Student: 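I have a structure here, written as structure tokens, and I will follow up with some questions on it.
As the structure is a prediction and not an experimental result, all values here were calculated from the model. Convention: sequence-line order gives letters A, B, ...; per-chain numbering from 1. Computed from heavy atoms alone, side chains included, the values below leave out hydrogens, waters and symmetry copies.
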There are 2 protein chains.
Amino acid sequence: MGHGGGHLRSVAVTIDHDGALPVYKQLANLLRGQIERGELRPNRPIPAESRLMQIHEVGRDTVRKAIAILREEGLVIAIQGRGTFVKPKDEAE
Amino acid sequence: MGHGGGHLRSVAVTIDHDGALPVYKQLANLLRGQIERGELRPNRPIPAESRLMQIHEVGRDTVRKAIAILREEGLVIAIQGRGTFVKPKDEAE
DNA sequence: AAGGATTTGTGCGTATGTATA
DNA sequence: CTATACATACGCACAAATCCT
């Protein structure tokens with residue numbers, strides 16, 4: 001289950017500014033993929049907003065909207081002054 | 001109870017999306033009433049744009065257009081990074 | 001204890017795109 | 001074509017919490 005197919009599928013690793021999907025949704029999908037593949041590990045911080053802005057060349061508003069999606073999905077938790085951390089799978093809401 | 005019954009109150013407290021007046025003008029009227037009745041007090045901030053969006057279920061552009069009217073009327077002053085504040089009555093332009 | 005750097009939280013300023021009446 | 005309304009996107013500024021020196 002999860003996001004579907006277990007076989008190879010092309011997961012976007014770059015942001016398409018002219019794509020059909022809004023940039024913040026693309027970024028959310030990108031980060032979700034990194035979490036699901038373990039590239040961003042549980043209880044570890046994801047890159048800071050300023051880093052994500054640099055890496056993907058987007059504004060802070062876009063970064064925060066993307067992270068907001070992951071927060072609503074319960075995938076990450078943001079802590080003021082510390083960072084945004086990947087939740088372990090068994091984390092209760 | 002709820003919204004104050006059906007008294008002869010000419011001041012709208014809700015937004016009518018199908019009303020004759022544009023939503024942003026309705027919202028401006030609503031906020032102006034709250035200021036004049038002292039529900040929004042001088043030198044105090046009015047609810048943030050994001051709050052007004054949630055409360056009245058309108059978009060940001062609509063909120064900003066409403067506030068723009070109050071600014072032109074000299075009722076409030078918006079300060080970037082801080083908020084939008086009710087001007088005291090004796091405030092000079 | 002004090003100060004600075006980092007990071008998230010909040011809020012306004014502005015511009016553009018899309019849809020509708 | 002214009003006015004209204006919402007969504008997206010970037011920028012700037014300040015507050016609050018945390019961390020480090």
Student: CZ of Phe85(A) versus P of dT7(C): gap in Å, rounded?
Tutor: 11 Å
Student: Using chain A heavy atoms and a threshold of under 4.0 Å, write down where along DNA chain D the contacts begin and end, 5' to 3'.
Tutor: dT8(D) to dC19(D)
Student: Please determine which of Asn29(A), Ile35(A), Leu30(A) meets the side-chain contact (heavy atoms from CB on, under 4.5 Å) test together with Arg32(A).
Tutor: Asn29(A)
Student: For the atom pair CD1 (Ile55(A)) and OG1 (Thr14(A)), what is the distance rounded to the nearest 0.5 Å?
Tutor: 13.5 Å
Student: Using every non-hydrogen atom in the two residues, find where Pro88(A) and Pro42(A) come nearest and quote the distance to one decimal.
Tutor: CA-CB, 4.1 Å
Student: To the closest 0.5 Å, what do you measure between CG (Leu70(B)) and NZ (Lys87(B))?
Tutor: 11.0 Å
Student: What heavy-atom pair brings Ala66(B) and Tyr24(B) nearest, and what distance separates the two atoms?
Tutor: CB-O, 3.3 Å
Student: What's the spacing between Leu31(A) CG and Leu52(A) CG if we round to 0.5 Å?
Tutor: 6.0 Å
Student: Any donor-acceptor pair, under 3.5 Å, between the side chain of Arg60(B) and the base of dG11(C), if you only look at N and O atoms?
Tutor: no
Student: Can you tell me the distance, in whole Å, between the CD1 atom of Ile67(B) and the P atom of dG11(C)?
Tutor: 12 Å
Student: List the atom of Val58(A), the atom of His17(A), and the distance in Å for their closest heavy-atom pair.
Tutor: CG1-CE1, 4.0 Å
Student: Of the non-hydrogen atoms in Thr62(B) and Leu27(B), which two are nearest, and what is the gap between them?
Tutor: O-CD2, 4.4 Å
Student: Applying a 4.0 Å non-hydrogen cut-off, can you work out what Gly59(A) is touching in the nucleic acid: base, sugar-phosphate, or nothing?
Tutor: sugar-phosphate
Student: Using a 3.5 Å distance criterion without hydrogens, assess whether the side chain of Glu49(B) forms a donor-acceptor pair with backbone atoms of Arg60(B).
Tutor: no
Student: For DNA chain C, which residues in residues 40-57 of chain A have a heavy atom at a distance below 4.0 Å?
Tutor: Ala48(A), Glu49(A), Ser50(A)
Student: If each of Lys25(B) and Asp61(A) is mapped to the nucleotide of DNA chain D with the nearest heavy atom, which maps nearer the 5' terminus, i.e. the 5' end?
Tutor: Lys25(B)
Student: Arg71(A) has an atom CZ; how far is it from atom C1' of dT7(C), in whole Å?
Tutor: 13 Å
Student: For Arg64(A) and dG9(C), is the shortest distance between a side-chain N/O and OP1 or OP2 below 4.0 Å?
Tutor: yes
Student: To the nearest Å, give me how far apart CZ (Arg82(B)) and P (dG13(C)) are.
Tutor: 13 Å
